[in-house]
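Working notes for the structure below.
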Amino acid sequence: MADLNTWFEKGMTRYAYINAMNTHKENLLSIYNAFVLPDPMKDALQGMQKSRLRAIVITEDWCGDAMLNLPVFMRMADEALIDVRFIQRDKNPELMDRYLTNKAKSIPIIIFIDEKGKEIVKWGPRAPKLQQLVEERKKKLPAKDDPRYEKAFKLFADKISTLFTTDHALWEEVSLDIIKKLLAKVNVNSL
């Protein structure tokens, strides 16, 4: 079983990942370019710079959650000087299997590590308020064995994707949840 330093070294840089994207590339870049971190959050993230955090992101470019979460996280990583590497879930099941969510291969998963490769904290695949939003909307779908399910699910996915790319409050929820997890594990004052 490879250690997290090995996975980090194996991962793609942000630019390699974005350049290799076939799905959601424009939406990811649109969110990245439009998302502005509030000043207090910038200050907190800049306070983490001395910790020299790194991050491994398990993802796939077709994932709507990744389309929303990753550009928000990339903005945060810019401020905290977090070096980030991207690992494709489907090509790396041995890493994904270590980070299942309720036995599911849900993504994205962001694994924060220190300079030695020790895991500090894991985040993902969704902020709690987004999880609640998605679950509430999924309740309206017909059963999976219903002939109407596939068409209804496609419409659901399209609506969620539009919401994820346009609702700035959702972007803020993601950033708040990530920083809350980080601040619980990284002592900014002692750096």
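- With a 4.5 Å cut-off on side-chain heavy atoms, R89 and Y99 do not count as touching.
- There is no path of hydrophobic side-chain contacts, each under 4.5 Å, that joins M41 to V36.
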If you apply the rule side-chain contact (heavy atoms from CB on, under 4.5 Å), what do you find for L133 with K129, and how did you get there? CA-CA 6 Å; L133 171 89; K129 287 190 179 178; over 6 Å; no
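- Here the rule is side chain to side chain contact (heavy atoms under 4.5 Å, CB included) with F86, and of I58, T13, T59 only T59 fits it.
- Classification of K181 and D177 as a salt-bridged pair fails, no side-chain N sitting under 4.0 Å from a carboxylate O.
- Contacts of D114 classified as salt bridge (Lys or Arg N to Asp or Glu O under 4.0 Å), with partners at least two apart in sequence or in another chain: none.
- S161 and H24 make their closest contact through OG-CE1, 4.0 Å (heavy atoms, listed as atom of the first residue, atom of the second, distance).
- Between R54 and N5, the closest side-chain pair of non-hydrogen atoms falls below 4.5 Å.
- Taking a cutoff of 4.0 Å between a charged side-chain nitrogen and a carboxylate oxygen, R52 and E115 qualify as a salt bridge.
- For the pair K122/I110, no side-chain contact is recorded, criterion being any heavy-atom separation below 4.5 Å from C-beta on.
- With rounding to the nearest 0.5 angstrom, the CH2 atom of W123 is 11.0 Å from the CG atom of L182.
- Of the inter-residue distances, the one linking W7 atom CH2 with E94 atom CD reads 3.5 Å to the nearest 0.5 angstrom.
- The nearest pair of heavy atoms linking A55 to F73 is CB-CZ, 3.7 Å.
- Across every non-hydrogen atom of A20 and D61, the tightest pair is O-OD2, 4.4 Å.
- Looking only at side-chain heavy atoms (C-beta outward), S30 and T165 stay at 4.5 Å or farther from each other.
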Given the rule in the side-chain contact (heavy atoms from CB on, under 4.5 Å) test, do L95 and K10 qualify, once you have shown the distances and angles that lead to the verdict? CA-CA 11 Å; L95 180 62; K10 182 180 178 178; over 6 Å; no
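- Hydrophobic clustering keeps F153 apart from L155 (ILVMFWY residues linked when any side-chain heavy atoms are closer than 4.5 Å, directly or through intermediates).
- In this structure, OG on S175 lies 5.5 Å from CE on M76, to the nearest 0.5 angstrom.
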Working for side-chain contact (heavy atoms from CB on, under 4.5 Å), residues D65 and F164: CA-CA 8 Å; D65 288 308; F164 281 4; 3.4 Å; yes
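- For the atom pair CD1 of I107 and CD of Q88, the computed distance is 10.0 Å after rounding to the nearest 0.5 Å.
- For the residue pair M12 and A16, the shortest heavy atom distance occurs at CB-CB, 4.0 Å.
- A pairwise comparison of heavy atoms in P125 and S106 identifies CG-CB, 3.6 Å as the closest pair.
- For the pair K154 and D158, the minimum side-chain heavy-atom distance is below 4.5 Å.
- Considering Q46, Q49, K42 as possible partners of E79, the one that fulfils the side-chain hydrogen bond (donor to acceptor under 3.5 Å, both in side chains) test is Q46.
- A cation-pi arrangement is present between R75 and Y32, with the terminal nitrogen or guanidinium carbon under 6.0 Å from the aromatic centre and inside a 45° cone about the axis.
- Contact record, P71 with A66: CD-O, 3.6 Å, taken as the closest heavy-atom pair.
- Side-chain contact between V84 and Y17: absent, with no pair of heavy atoms (C-beta onward) separated by less than 4.5 Å.
- Counting heavy atoms from C-beta outward, K105 and D97 have side chains that approach closer than 4.5 Å.
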Using the rule given for side-chain contact (heavy atoms from CB on, under 4.5 Å), can you reason through E119 versus I111, listing the C-alpha separation, both sets of side-chain angles and the distance that settles it, and then say yes or no? CA-CA 7 Å; E119 182 177 326; I111 308 154; 3.9 Å; yes
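- The cluster map of Ile, Leu, Val, Met, Phe, Trp and Tyr, joined by side-chain heavy atoms under 4.5 Å apart, puts M48 and L81 in different clusters.
- Put simply, NZ on K116 and CG on L4 are 15.0 Å apart, with the number rounded to the nearest 0.5 Å.
- There is a path of hydrophobic side-chain contacts, each under 4.5 Å, that joins Y149 to F156.
- No donor-acceptor distance shorter than 3.5 angstrom exists from the side chain of D167 to the backbone of L163, with no hydrogens or angles considered.
- From I87, atom CD1 reaches atom CD of E60 across 11.0 Å, with rounding to the nearest 0.5 Å.
- Formation of a donor-acceptor pair under 3.5 Å by the E173 side chain with backbone atoms of A127 is not found in this model.
- With contacts defined as side-chain heavy-atom distances shorter than 4.5 Å, the pair I109/M96 qualifies.
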